[in-house]
Amino acid sequence: MKTIQTDVLVIGTGFGAAAPALRLAQAGAKVVMIEKGPRVQTADFRQTSDPKYVLKYLKGTPGDNLKLTYAEALGGGSGFYEMISLRAPSLAFEQLDDDGRLLWPADVDRRSLDPYYDLAERMLHVSQIPVEEIPKTGLVFAHLMRNLGYSVDRCRYAVRGCQGSGFCVTGCVYGAKQSLFLNYLPQAVSAGAEIETDLEALAIEPLPARWRVGAPLRDVPYRYRVTARRRTGERELVAFVARVVILGGATVGTAKLLLASRPYLPKLSEHVGRHIAYNGSVKVAALLPDGVPDADMFTGRTHPGMVSYQFLGSHGITVHAVKAMPLMLVSAAHLRLRDEPQAAFWGAPNVELMKQLRHRMIILDAFGLTPPGAALQVRAGDARVALPITAQLRVYHAETKRILESILVRNGCRLVETDFLDKTFMPRQGIQFSTAHQVGSCRMADAKEHGVVDASGAVFDYPGLYVSDGSAIPSSLAVNTSLTILANAERIAAGLIERYRLPLPGGSQAQAA
Amino acid sequence: MQDHISRRLALKHFGLIAAGLAAACTPARVLVNAYPQTFDDDPELVDRVLRAFVTTVIPGAAADDPDLVRALTDPDYPFAQFAAFFAADLTRRGERRFGEPAFEQLTPDQRAAVIRDGLEADATTRKMYNGAVTLAQVAFYAGIYDAQRGCALIGFEGGYHWHPLSEITYPDPALFLAAALTPDGNAA
């Protein structure tokens, strides 16, 4: 088996991995990144609805009452997300668990993250959508909210020169979306980092080693061996030995890797794989009444430009309009008009409904501060996620749905039933959540009895092993998670540079500070 | 002539289901009854039945569209291995209910009744019919076999159709906008 030595091994190339890789490489450390998915660039993307293309990059973790979606490719989800880049509201950092304990470590909050949000926003060229670029669906959503005296804000995006093609989620063929392979990753390579794709980490083993607490990186011995397998060719095994290992494979990937490594890491916290938060997404659809201008489900950026914080303080939710391409919509839900005797999810009534999809249908989606109540279960390498539907969740779901439906009904909209489907296209029974905003399977906490890593991202009881991705984020955020994951990863990277006495790279945490 | 798919073989096939969309339409357990050999021997028969099925599920879809039933017989999707069985089941149900041995010869209302029959049958059959309906809809509305074609019936243009900003938004956005709570889009 080939063995590669490196100062720092970063597992993953997404939002949680890219920042530490770049900053540590800039500071002079030898950095190797490994990515399970394939190498992609703008030229690889297609504006297509071919499921074979989509499923090449987008993967799912099924489960009980919750389904998770994530990307496996260079840059992680950054190639396929809707490029929404919002800071988590202060309220998100103030959430308590059932025992009244803060979910977030005491010294991590919005204020402490703001300098790193600044840094991440500069790197991704995040800006508020100009008024004159708001897609029709976003404007119609704003119109509905204004009719009821509610507020709506223009959203923020990581994009330069958006062409409004509506195919954000299949990858931006124009290179306008600021995916990580356009910024962090090439900069990391320029600073000396190496990136290997199609390489899956299988297990982490600690090596026998002694070091002086607080020693600079160059004096720290190799402390971990990571075994990986190539996913192409002969599928050979490769070993990496590293002084520092940073896990950035996201909520599912990092938890799976740590669970697979538990035989070698017996002191791992019992919380690995637990406390997954998921932004409790609740969706409601309706047809617009006469007199309201046309929306457009298919043109303009995929996220239609507007977010409402109207119910954030009162109900812990943000409200968005949603655009969905037919592939995503029809494979996700059966649609039929509510209170319509002839309604069916197929046949002439369905066709008539589908004809109104582009211009007359509006879909609202709420993201909420739902508790981190889901857990990952891994058997024979296959992961499932389980979410118990508690009384509290039932109330949240019912109340959130009531708010969304009320917005639509009071505007004269006709509600559309959306029966969400399982992977065999059968309607799912009961309350079901699906999300790409999963965080928290290896959450940060002030002590090992509450989490997996400390506020610096260090895995409890395993010096030199860190988690910097979404799995460390301990709560729902009520907004899209990517910018917070990236900002937190920048914060962890700054801590690593300080901890290992590396020289400050120009333009990174020095600016953030 | 009758051809028997063994229960063991059927279950083995079901066990090969991939996750995600590609996995759709395949029930975990199906009582695979014997069905006429002709459905295995005559792909044109299967094509005719499936076309009649899809145009019943999606009235307005062109019956001569070369891609109309492709997803149901696409070997990349697990449903393909049950396409002949499904076509035979539609035919059997149609004949039993209306005495017409060719499903495609039934009236649209009769075909719809047959499909409803399948959707309301036992759990396994229901799963197969649900899967077939939804896979047909996904393939048709999304235009999965031609990136640029989309679906004219619902105004979906597919990919690679550039729109000027004037078509994406309205010229007077201020008429729509509500009061904002934040100076920059980020909640405090």
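In what follows, chains carry the letters A, B, and so on, assigned in the order in which the sequence lines appear, proteins first and then strands, with residues in each chain numbered from 1.
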Which region of Met306(A), side chain (C-beta onward) or backbone (N, CA, C, O), has a non-hydrogen atom less than 4.5 Å from a non-hydrogen atom of chain B, or is it both or neither? side chain

If I measure from the heavy atoms of chain B, does Leu312(A) come under 4.5 Å with its side chain, its backbone, both, or neither? side chain

Which of Ser308(A), Gly347(A), Ala88(A) touches chain B most, by non-hydrogen pairs under 4.5 Å: Gly347(A)

So Met354(A) and Phe156(B), side-chain contact (heavy atoms from CB on, under 4.5 Å) or not? Walk me through it. CA-CA 10 Å; Met354(A) 289 299 293; Phe156(B) 175 52; over 6 Å; no

Contact leader toward chain B among Pro293(A), Gly138(A), Cys155(A), where contacts are heavy-atom pairs under 4.5 Å: Pro293(A)

Side chains of Val152(A) and Leu177(B), heavy atoms from C-beta outward: is any pair under 4.5 Å? no

Please answer whether the main-chain N or O of Pro135(A) pairs with a side-chain N or O of Tyr170(B) as donor and acceptor at a distance below 3.5 Å. no

Identify which part of Asn147(A) has an atom lying under 4.5 Å from any heavy atom of chain B, answering side chain, backbone, both or neither. neither

Passes side-chain contact (heavy atoms from CB on, under 4.5 Å), Phe345(A) versus Leu119(B)? Steps please. CA-CA 11 Å; Phe345(A) 73 91; Leu119(B) 286 168; 4.1 Å; yes

Heavy-atom proximity to chain B below 4.5 Å, by part of His359(A): neither

Arg146(A) side chain reached by Phe176(B) side chain, heavy atoms, under 4.5 Å: no

Whether Asp153(A) side chain and Thr182(B) backbone form a donor-acceptor pair below 3.5 Å: yes

Can you tell if the side chain of Asp296(A) reaches within under 4.5 Å of the side chain of Glu167(B), non-hydrogen atoms only? no

Using non-hydrogen atoms and a 4.5 Å limit, figure out which bit of Arg46(A) sits close to chain B: side chain, backbone, both or neither. both

Interface check, chain B: of Arg154(A), Glu352(A), His334(A), most non-hydrogen pairs under 4.5 Å belong to His334(A)

Check for a donor-acceptor pair, side chain of Thr299(A) on one end and backbone N or O of Ile168(B) on the other, with a separation under 3.5 Å. no

Do Asn186(B) and Arg110(A) make a side-chain contact, defined as non-hydrogen atoms from C-beta onward lying under 4.5 Å apart? yes

Could you tell me which of Leu165(B), Ile144(B), Asp172(B), Val133(B) has the largest number of non-hydrogen atom pairs under 4.5 Å with chain A? Ile144(B)

Contacting region of Tyr174(A) [heavy-atom separation from chain B under 4.5 Å]: side chain

Look at the side chain of Tyr160(B) and the backbone N and O of Gln47(A), then say whether any donor-acceptor pair between them is shorter than 3.5 Å. yes

Can you check whether Tyr141(B) reaches Val351(A) side chain to side chain, under 4.5 Å on heavy atoms? yes

What residue, out of Leu175(B), Ile58(B), Leu181(B), has the most heavy-atom pairs lying under 4.5 Å from chain A? Leu181(B)

Taking every non-hydrogen pair under 4.5 Å, which of His163(B), Arg126(B), Gln137(B), Gln148(B) racks up the most with chain A? Gln137(B)

Counting heavy-atom pairs under 4.5 angstrom with chain B, the leader among Lys59(A), Glu133(A), Gln128(A) is Gln128(A)

Determine whether Leu153(B) and Lys355(A) make a side-chain contact, defined as any pair of heavy atoms from C-beta on separated by less than 4.5 Å. yes

Tell me, side chain or backbone of Ser165(A) under 4.5 Å from chain B's heavy atoms, or both, or neither? neither

Look up atom SG in Cys151(B) and atom CG in Leu357(A), then write down how far apart they are to the nearest 0.5 Å. 10.0 Å

Ion pair Arg87(A)/Asp184(B), N-O distance below 4.0 Å: no

With chain B, the option among Met145(A), Gln163(A), Met325(A) that has the most non-hydrogen atom pairs under 4.5 Å is Gln163(A)

Highest number of heavy-atom pairs under 4.5 Å with chain B: which of Leu144(A), Leu139(A), Asp422(A)? Leu139(A)

I would like to know whether Tyr145(B) and Asp50(A) meet side-chain contact (heavy atoms from CB on, under 4.5 Å); could you show each step before the answer? CA-CA 6 Å; Tyr145(B) 290 108; Asp50(A) 182 353; over 6 Å; no

Measure from the side-chain N and O atoms of Arg358(A) to the backbone N and O of Ile154(B), and report whether any donor-acceptor pair falls under 3.5 Å. no

So which atom in Val330(A) and which in Thr134(B) form the shortest heavy-atom distance, rounded to 0.1 Å? O-CG2, 3.7 Å

Ignoring hydrogens and geometry, is there a side-chain-to-backbone donor-acceptor pair from Glu157(B) to Phe298(A) under 3.5 Å? no

Under 4.5 Å from a heavy atom of chain B, the part of Leu421(A) involved: side chain

OG1 of Thr424(A) to CZ of Phe79(B): how many Å apart, nearest 0.5 Å? 12.5 Å

